[in-house]
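Here the structure is a predicted model, which means the values were calculated and not measured. Every chain is numbered from 1, with letters handed out A, B, ... down the list of sequences.
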Amino acid sequence: MTSPISPVRVRYAPSPTGIPHIGNIRTALFCWLLAKQTKGQFIVRIEDTDRTRYDTEAEKAIFESLDWLGLDWDEGPGKGGPFGPYVQSERQQTYIDAALKLVESGHAYFDDTTPDQLHALRERQRAAKQPPRYDGRGRHRSPEEIEVSRQAGSPVTIRLKVPDHGAVSFVDAVRGKITFELKELDDFVILKSDQMPTYHLAHILDDKAMGVTHVIRGDEWISSTPRHLLIHQALGIEPPTYVHVPLILGKDKAKLSKRHGATSALEYRDLGFLPDAVFNFMCLLGWSPGDDTEVMTREEIVRRFSIDRINDSPATFDSEKLEWMNGVYIRNMDEDTLIVELLPFMERPESEGGLPDSVTRPINRAYFKRLLPLVHERLKLLTQGTETLDFFFADNVNPAAEDLPGRKMDAEMTKRALEAALEMCKTVAPFEPEHLEAEYRSLAEKTEMKPGQLFSPIRVAITGKAFAPPLFDTMAAIGQDRCTERIYKAIGILRSAGTSPAE
RNA sequence: GGCCCCAUCGUCUAGUGGCCCAGGACACGGCCCUCUCAAGGCUGAAACAGGGGUUCAAAUCCCCUUGGGGCUACCA
């Protein structure tokens, strides 16, 4: 149960039936980590044997997610490798051959029970309070009967013969020994009537063919592992090491799914999260390095990762903590890198969260570079660039009258503050942060206001917001003329509010 | 229903029989810093699901109960 030191061959084998969610991708992450750590291989294989649920978009999303998180694979689609193809639908013949061989060796048999009959059987069992289970009726069908069904166009499957007594057990690398009674299992389908294998058959054949040493997969597979063990036995091959990792649950403690809001890696990307932060955070869901370290580089995680330290219990996804960690990563980022990340978000159309459409694209980089230090440590998400910087670019700042007064200020006092501020703004020179601060502080003294009281209305007048970067840096960056205009405008807003009957 | 898995603060977790009247992190409260918001510092509240064993000693081992989850498809 110790971590392997010899190189592993591990695979991430998603089925393209939906956008992969965090729980699913986290499994890929664990695979990747183990491969990197042991200098083994990380294989990606597309399990598209369910033709009815196949979705091109899902397949695209799988690769996009992997790319975005930087989980590069050694063998797989688009990359090739010595054991291809890495798409199951292209390996169909091997599954058919194997299934047929299992029939020949007496481990499996043809079954022509129709879906309707199966359904009726289950209904009867349910009504009789019996566990719904296939009753093995196909075991007694003669080759002739099967042939008749086949000619008649009835669906024919191949099922594995499961012994009706005995038990199978295996040692899971994270949970230890797990045993199942065989009488709990029914004869299950290994080759469907459309000649495609089920997951159970296909993955075993592929893993064997591809030399997979460790099967790392979600907890939900524990219950089908006895089936997989049985197939190995029938095929006369050794099973791999099983590593069942705990599931990731949504806020309601149910297995993560679409209805939990943002659940795919790609959604987090679009929300403004950094791949490194998501990577780091996901590693900590179901694994920990053993001390209190949480923020780690990829290299550090690769070095410290171990199967022994994978948790037994499921984790609930807490996006608040992810947001905090994203902030940490943003703060640790150098400015030039951050600019590159931030610009695309701010240059999106206004309707998609970008700067107002009136602001010309591309954004002036030199100006942007000057602004970034003012907000750098305030950002938690890349999408927040727009809201924290928009007033530097757009001149349509339009504060509401009731937002202008600071704490413990009435409209009259606010107006006085702004009028004094306006006079100074027109003439003060140089228009530099230190000088501005000194001047405005003495203005506060002269007008017998607390600095905060004077600064508050100015801040709102200039930025349109109660929360903004340091005032004088902001003013200097915006420039004397634009500041003057904005303060003037704010006074106007205050005046008309004061005279309106609604007040 | 049956089978399987799981069970430490709200959340992620440390803890592998004594170092634990349980440590860290997020979130939350207070204080400090401060032109606002952040960031930072200090600090507070907050958990071993319950019951039985085993042991000199249990969050840690065993059993039961309870709770949660997964599976029970010609889906993966």
Please determine, for the side chain of [X], which listed nucleotide ([options]) has the closest atom?
| X | options | answer |
| --- | --- | --- |
| A:D219 | B:G70, B:C5, B:C3 | B:C5 |
| A:L284 | B:C12, B:U13, B:G69 | B:C12 |
| A:S313 | B:G70, B:C6, B:U13 | B:C6 |
| A:R175 | B:C3, B:C5, B:U36 | B:C5 |
| A:D50 | B:A76, B:C35, B:C5 | B:A76 |

Review point. Just to confirm, is there a sub-4.0 Å distance from OP1 or OP2 of B:G1 to any side-chain nitrogen or oxygen of A:R126?
Key: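 Checking B:G1 against A:R126, no side-chain N or O comes under 4.0 Å of OP1 or OP2.
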Exercise for review: Report yes if at least one side-chain N or O of A:T198 is closer than 4.0 Å to OP1 or OP2 of B:C75; otherwise report no.
Suggested key: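 No.
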Just to be sure I understand the rule, does [X] reach a base, reach only the sugar-phosphate, or reach nothing, if contact means heavy atoms closer than 4.0 Å?
| X | value |
| --- | --- |
| A:S456 | nothing |
| A:S223 | base |
| A:T388 | nothing |
| A:T293 | nothing |
| A:T113 | base |

Mind checking whether [X] and [Y] have side chains closer than 4.5 Å, heavy atoms only?
| X | Y | result |
| --- | --- | --- |
| A:E294 | A:W324 | yes |
| A:M296 | A:F279 | no |
| A:Y54 | A:E59 | yes |
| A:M413 | A:P405 | no |

Review point. Paired with B:A25 by Watson-Crick or G-U wobble geometry, both distances under 3.5 Å: which nucleotide is it?
Key: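 The base-pairing partner of B:A25, which may sit in any strand shown, is B:U11.
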**Study point:** Identified pairing partner of B:C42, criterion: Watson-Crick or G-U wobble below 3.5 Å
**Key:**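 Paired with B:G30.
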Under 3.5 Å, which protein N or O atoms sit close to an N or O of nucleotides 26-33 of chain B? Give each pair with its distance.
{"unit_1": "B:C26", "atom_1": "O2'", "unit_2": "A:K321", "atom_2": "N", "d": "3.4"}

Exercise for review: Enumerate the residues from residues 52-59 of chain A whose closest heavy atom to RNA chain B is under 4.0 Å, giving them by residue number; use none for an empty result.
Suggested key: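 Those residues whose heavy atoms fall under 4.0 Å from RNA chain B, taken from residues 52-59 of chain A in numerical order, are A:R53.
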Check your understanding: Which residues within residues 185-196 of chain A lie with some heavy atom under 4.0 Å of an atom in RNA chain B?
Key ->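 Per residue number, the list reads A:V189, A:K192, A:S193.
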Review point. Quick one: do the A:T114 and A:D116 side chains pair a donor with an acceptor below 3.5 Å?
Key: no
Check your understanding: With nearest nucleotides of RNA chain B determined for A:G452 and A:L249 from heavy-atom distances, which residue corresponds to the more 5′ nucleotide?
Key -> A:G452
Practice item. Specify whether A:F305 and A:F30 have parallel, tilted or perpendicular ring planes, treating 30° as the upper limit for parallel and 60° as the lower limit for perpendicular. Key: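 Plane angle between 30° and 60°, so tilted.
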Exercise for review: May I ask you to decide if the ring planes of A:Y134 and A:Y109 are parallel, tilted or perpendicular, using 30° and 60° as cut-offs?
Suggested key: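 Parallel: the ring planes of A:Y134 and A:Y109 meet at under 30°.
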